[in-house]
Colleague: 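I am attaching a structure below and will ask some questions about it afterwards.
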Amino acid sequence: MAKPRVIYWFRTDLRLHDSPALKAALDLEPAVLWPVFTWDPHYVYRARGGTNRWQFLLDCQNDLSESITKLNPNSKLFVLREGPQTLFPKLFKAWKVTHLVFEKDTDSYGRERDEAVAEAAEKAGVQVIIRSGRTLWDSEQVVTKHGGKPTMSMTALLSASKKIGDVPRPIPSPKQLPDPGEMPVDFVQHQPDTKPDINAERRTNNDTGYKHIAGPCGDFAIETLDELGFVPATTPHKGGETRALKALDAIIKDKEYTATFEKPKTSPAQFDPQSTTLLSPFLHFGALSVRELYWRVQDVVNSYGSAASAPPASLTGQLIFRDMYFAAQAAIGPHFQQTAGNGHCRFIPWHLPSRLDPATGLTTGDYHVDSEQADEWFRRWKQGVTGFPWIDALMRQLRHDGWIHHLGRHSVACFLTRGGCYVDWERGAEVFEELLLDHEPACNAGNWQWLSCTAFFSQYFRCYSPISFGQKWDKHGDLIRRWVPELQNLDAKYIYEPWKAPIQDQKKAGVRVKGDGLRDVEVGTYPKPMFDFNERRDACLAAMKTAYGVGLYGDDERVSTGTWREMFPESQGEIQGRFDSDSGENADDGDEDGDEDGDEEGDGVGGKRPRKASSATASKKLKT
DNA sequence: GCGAGAGTTGGACGT
DNA sequence: TACGTCCAACTCTCG
């Protein structure tokens, strides 16, 4: 029998070490092996992605390609610019492929795509081999061992995984790779739909990504940001398996750090270097195997003795949480990314709710503006001009670097949702999806649900203060000074609350606390806080209490029909305003009165606009 | 079915 | 500085 002709399809497993799928491909003893990456238009036009994450991906691809070439000078990572669903059927034929091998994807689009590709392969007589490799334990197996239910707690994950067994030991990198075969592409390139383009506002140059299937020089080169029409990245964090393994070596070398790591004791304010490992972006792109990380850490922990930390706070605990979210997503499916239709996510009548596709019930990526005030708060949060320096510093660090500490994420997420703006967690998740280098759909959705107290966590009375929480870690405000240069010279006494600084202190520091950070921004100013935090915390807490009392979940019929309103008291201050679900216009904005004066209680039920007396006082307080 | 205790990492105040 | 206690009170797990 002729020897196999194998395509190894790299996706989010951009590494050579510990790849069960790559091992399966090599076990076939192929005559030829093509290491292929398909530049999938779905991710370019339909999924949110900022330029920093593209850059990190390109770093990973370039590094992987070099590593492949080191093992076989005739080979590299071959990038083809077409969606895999249309490309593979043509490749199977043109390259006389016998096997297609890849790592199992865990996300909804990925699974759908893989099914289509596998079906096409079957039609073409190509054998498909899939291996799980993205998580400690195969998420589908975890779900099965958990009775088909999602793992909504660490206990649940640990008891299910215990039935599977130990995390597999990592597989060493291959020592050699076969030659690639001939690569004719004398077939018609399928042009992708470039509209709608969810990344349009970030695509400032000419997009030539799909001009030639094998790239501008016809050599299957790795694409560039320029080719895709993206501006250069700003992040200092670089990708690639080589860097990942080197960074891991450095961490493991520090036995004490590795063995005694406790996440809650690491500072969200520390940067350069940060207080945590910053390995998550590598995990996301598969440049680092999660099992490699797990066992390298666990071996240190085992030899360290009883002083070592343990899950959930320890390093391996962080990885176990990751698996928990993956397994929860595996059980719930695409609805895990949203409240609507998700029976495990509590319904809270947040502002700025997602628009839903009536056909699928899934979110469209757009949202209803039920409250102009909340929308402004959301925009100020996103841009890092809330007037709360701790929040603004983190949001600016996130935008520029693509990474912030986990507790920083807690802080800004709590602030946007249950502890400040009362804006839908899905809005925040979308911003993280765009900006985070390590954006992992399952972890992102899971953590936003956690922080908004809609799933996984429910102690909504534990609220992060945008002032005290930062102060606890960073009295002098170094993180703020780094990311909010307007406040660089402000006395530490006022750095977390610059609006409290007397005019002469502001003058001395060369800054005026003025404006809203969005309109007519003057040089040398920093915005006033967008609300009185204590007022907002009280309003949100009361609203959360009401919503918990109502006790609706995302899959409840009353959520989809809108009759949930009957269950909430009309006098509830903090509740989603009405909007016309067809046009998306705010139906009760006609007699707009609540927003000019910064009154945050402007939205009522059924067109009524109840006000709390305290809100007026809150606005006045801010003006002093 | 019930109660006790635990639960990734809050804040304010005390010793 | 590190660690307790209270605040007012959530869900889940386990016995």
Side-chain angles (χ1 to χ4, degrees), chain A residues 136 146-147 149-163 260-270 274-277 280 297 308-328 343-348 388 390-391 394 404-420 440 442-444 446-476 496-497 533-538 540-553:
Chain A
L136 298 173
H146 197 235
K149 299 188 305 280
T151 47
M152 301 304 285
S153 69
M154 184 169 255
T155 323
L157 188 278
L158 287 175
S159 67
S161 61
K162 208 176 167 188
K163 295 177 197 162
T260 64
F261 181 95
E262 285 179 80
K263 186 63 145 296
K265 291 188 180 163
T266 60
S267 168
Q270 199 179 308
Q274 71 292 331
S275 62
T276 50
T277 66
S280 52
V297 171
S309 56
S314 66
L315 271 180
T316 53
Q318 309 311 304
L319 303 181
I320 293 167
F321 272 117
R322 180 176 175 274
D323 258 52
M324 176 188 81
Y325 289 134
F326 272 92
H344 295 270
C345 182
R346 197 175 277 279
F347 170 76
I348 311 275
F388 292 96
W390 170 250
I391 300 295
L394 288 164
I404 53 176
H405 185 279
H406 190 66
L407 291 181
R409 301 181 195 195
H410 276 213
S411 223
V412 299
C414 180
F415 184 84
L416 182 70
T417 57
R418 67 182 167 86
E440 193 68 75
C443 300
N444 194 38
N447 276 320
W448 274 95
Q449 287 171 44
W450 186 299
L451 261 300
S452 62
C453 286
T454 50
F456 299 101
F457 185 71
S458 48
Q459 285 162 276
Y460 55 79
F461 42 85
R462 288 194 180 172
C463 181
Y464 289 82
S465 159
I467 297 144
S468 341
F469 188 69
Q471 273 171 338
K472 188 166 83 182
W473 299 101
D474 180 13
K475 286 263 180 302
H476 186 245
Y496 285 88
E497 301 168 281
F533 172 69
N534 290 328
E535 291 285 337
R536 287 302 305 162
R537 183 188 50 204
D538 292 348
C540 288
L541 227 109
M544 288 299 286
K545 191 175 171 162
T546 305
Y548 263 67
V550 169
L552 286 175
Y553 284 80

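Sequence lines set the chain letters: A, B, ... in the order given, protein chains first and strands last, and positions in each chain run from 1.
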Colleague: Does the plane of the ring in A:W450 sit parallel, tilted or perpendicular to the ring in A:F457? Use 30° and 60° as the thresholds.
Modeller: parallel
Colleague: Of all the choices, C:dT13, B:dT8, C:dC10, which nucleotide is nearest to the side chain of A:A156 once you look at every atom?
Modeller: C:dT13
Colleague: Please name the nucleotide paired to C:dA8 by Watson-Crick or G-U wobble geometry with both distances under 3.5 Å, or report none.
Modeller: none
Colleague: Using atom C1' of each nucleotide, how far apart are C:dG15 and B:dG1 to the nearest Å?
Modeller: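 After rounding to an integer number of Å, I get 12 Å for this pair.
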Colleague: Can you tell which of B:dG7, B:dT9, C:dA9 lies closest to the side chain of A:K545?
Modeller: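 Nearest to the side chain of A:K545 among the choices is C:dA9.
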Colleague: Tell me the partner of B:dT8, counting only Watson-Crick (N1-N3 plus N6-O4 or O6-N4) or G-U wobble (N1-O2 and O6-N3) with both under 3.5 Å; none if nothing fits.
Modeller: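 Across any shown strand, B:dT8 pairs with none.
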Colleague: Write down the distance separating the P atoms in B:dA6 and C:dG4, rounded off to the nearest Å.
Modeller: 14 Å
Colleague: Counting only side-chain N and O atoms of A:S468, is one of them less than 4.0 Å from OP1 or OP2 of B:dA12?
Modeller: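 So the side chain of A:S468 is within the cut-off, an N or O lying under 4.0 Å from OP1 or OP2 of B:dA12.
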Colleague: Identify the heavy atoms of A:Y496 and A:G470 that sit nearest to each other, and give their distance.
Modeller: OH-O, 3.1 Å
Colleague: If the P atom of C:dC7 is compared with that of B:dG7, how far apart are they to the nearest Å?
Modeller: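 Each nucleotide's P atom is 22 Å from the other's.
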Colleague: Look at the side chain of A:S153 and decide which nucleotide, out of B:dG11, C:dT13, B:dT9, has an atom nearest to it.
Modeller: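 Out of B:dG11, C:dT13, B:dT9, the nucleotide with an atom closest to A:S153's side chain is C:dT13.
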Colleague: Measure CD1/A:I320 against P/B:dT8 and give the value in whole Å, please.
Modeller: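 Computing the A:I320:CD1 to B:dT8:P distance gives 11 Å.
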Colleague: Please tell me which of the listed nucleotides, B:dT9, C:dT11, B:dG11, lies nearest to the side chain of A:Y548?
Modeller: C:dT11
Colleague: Just by distance, with hydrogens left out, do A:Y553 and A:R346 show a side-chain donor and acceptor under 3.5 Å apart?
Modeller: yes
Colleague: Of the listed nucleotides (B:dT8, B:dT9, C:dC10), which one gets closest to any side-chain atom of A:R346?
Modeller: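 Selected nucleotide: C:dC10.
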Colleague: Please compare A:Q459 and A:K265 by the position of their nearest nucleotide in DNA chain C and report the one closer to 5'.
Modeller: A:K265
Colleague: Tell me which nucleotide, if any, is Watson-Crick or G-U wobble paired with B:dG3 when both distances must be under 3.5 Å.
Modeller: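 Its partner is C:dC14.
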Colleague: Rounded to whole angstroms, how far apart are CE on A:M152 and P on B:dT8?
Modeller: 13 Å
Colleague: Rounded to whole angstroms, how far apart are CZ on A:R418 and P on B:dG11?
Modeller: 10 Å
Colleague: Could you check whether the rings of A:F388 and A:F533 sit parallel, tilted or perpendicular, using 30° and 60° as the cut-offs?
Modeller: perpendicular
Colleague: If you check every side-chain atom of A:T155, which of C:dT11, C:dC14, B:dT9 has the closest atom?
Modeller: C:dC14
Colleague: Side chains of A:Y325 and A:N444 only: does a donor on one sit below 3.5 Å from an acceptor on the other?
Modeller: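 Side chains of A:Y325 and A:N444: no pair found under 3.5 Å.
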Colleague: Considering only the P atoms, how many Å lie between C:dC12 and C:dA8, rounded to the nearest integer?
Modeller: 24 Å
Colleague: So does A:M324 get a backbone contact from the side chain of A:T151, meaning a donor-acceptor N/O pair under 3.5 Å?
Modeller: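 Pair found, side chain donor or acceptor close to backbone of A:M324.
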Colleague: Please state how far atom NE2 in A:H405 lies from atom P in B:dT9, giving the value in whole angstrom units.
Modeller: 14 Å
Colleague: Categorize A:Y464 for me: base, sugar-phosphate, or nothing, with a 4.0 angstrom heavy-atom threshold over every strand shown.
Modeller: sugar-phosphate
Colleague: Round to a whole Å and report the spacing from CG of A:L158 to P of B:dA6.
Modeller: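 Checked: the CG to P distance equals 17 Å.
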Colleague: Using atom CZ of A:F469 as one end and atom C1' of B:dG10 as the other, report the distance to the nearest whole Å.
Modeller: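 Result: 8 Å.
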Colleague: For A:W390 and B:dG11, what is the distance between atoms CH2 and P respectively, to the nearest whole Å?
Modeller: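 Between P of B:dG11 and CH2 of A:W390: 10 Å.
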Colleague: Nearest to the side chain of A:R462, which nucleotide is it out of C:dC10, B:dG10, B:dT8?
Modeller: B:dG10
Colleague: Considering every strand and a 4.0 Å limit on heavy-atom distances, what is the contact class for A:Q318: base, sugar-phosphate, or nothing?
Modeller: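 Result for A:Q318 = base.
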Colleague: Reckon A:N534 touches a base, only the sugar-phosphate, or nothing at all at heavy-atom distances under 4.0 Å?
Modeller: nothing
Colleague: Is any side-chain N or O of A:R537 closer than 4.0 Å to OP1 or OP2 of B:dG11?
Modeller: no
Colleague: Heavy atoms only: give me the nearest A:C463-A:R418 pair and the separation to one decimal.
Modeller: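 Here A:C463 and A:R418 meet closest at CA-NH1, 3.9 Å.
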Colleague: Check the distance between B:dT9's C1' and A:L315's CG and give it to me in whole angstrom.
Modeller: 14 Å
